[in-house]
Each structure stands twice: as structure tokens, then as C-alpha cells.
Amino acid sequence: MEKAPFLDDLQQRLSALVEATPAADLQKNLKALLTQQFARLELVTREEFDTQVNVLARTRARLEELESRLAALEARR
């Protein structure tokens, strides 16, 4: 999964803060914590989302087509 720009910005800001302090381990621990928490959210990339939107649109169109054909067949009875 591709990192979001806001995560990069957050990491850069935290790095700048940590560089000025003796707590070098803080950065590693915080990064691991954030990575773990974001992984739990089961986020998807925009590309994956757009792909699924397109699949759903095609599926919806096909379903509407099949419903129309079924209605026409039932009307013939």
C-alpha cells in the first residue's frame, strides 16, 4: 500500500522534533505505533477505490440490463 502524503508530512515533522531531543527511540516507536494503527484501519489506495467503483458501476449496469430482459420475458407470458 502506498503511503499517503499526510503520513510523509507527519513523519517529517516528527523527525524534526526528535532530532532536537535526546529521545531518538521515540521516533522509531511512534512510527511503529502509527503504522500499526493505520494497518488496523484497512485503508485502500485511491487507485484501488476507483477500480472498485468502476467494477460496481459495470455490475450495476449489467444488473439493470438483466432486470429489463427478465421483465420483458415475464410480460410475454
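Note that the numbering runs from 1 along the sequence shown for the chain. Note: hydrogens, waters and symmetry copies are ignored here, and every other heavy atom, side chains too, is used.
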If you define the side chain from C-beta out and look only at heavy atoms, does anything of [X] sit under 4.5 Å from [Y]?
| X | Y | answer |
| --- | --- | --- |
| Thr59 | Leu63 | no |
| Arg58 | Val55 | yes |
| Leu34 | Leu10 | yes |
| Arg60 | Glu64 | yes |

Gap separating the [atom1] atom of [X] from the [atom2] atom of [Y], nearest 0.5 angstrom:
| X | Y | atom1 | atom2 | value |
| --- | --- | --- | --- | --- |
| Phe38 | Leu33 | CZ | CG | 10.0 Å |
| Thr45 | Asp50 | OG1 | CG | 8.5 Å |
| Lys31 | Leu7 | NZ | CG | 10.5 Å |
| Thr35 | Arg40 | OG1 | CZ | 12.0 Å |

| said: Side chains of Ser68 and Glu65 only: does a donor on one sit below 3.5 Å from an acceptor on the other? | reply: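 On atom types as modelled, these side chains do not qualify, holding no pair under 3.5 Å.
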| said: For residues Leu56 and Phe49: do they belong to one hydrophobic cluster (side chain heavy atoms under 4.5 Å, members Ile, Leu, Val, Met, Phe, Trp, Tyr)? | reply: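 Cluster IDs for Leu56 and Phe49 differ.
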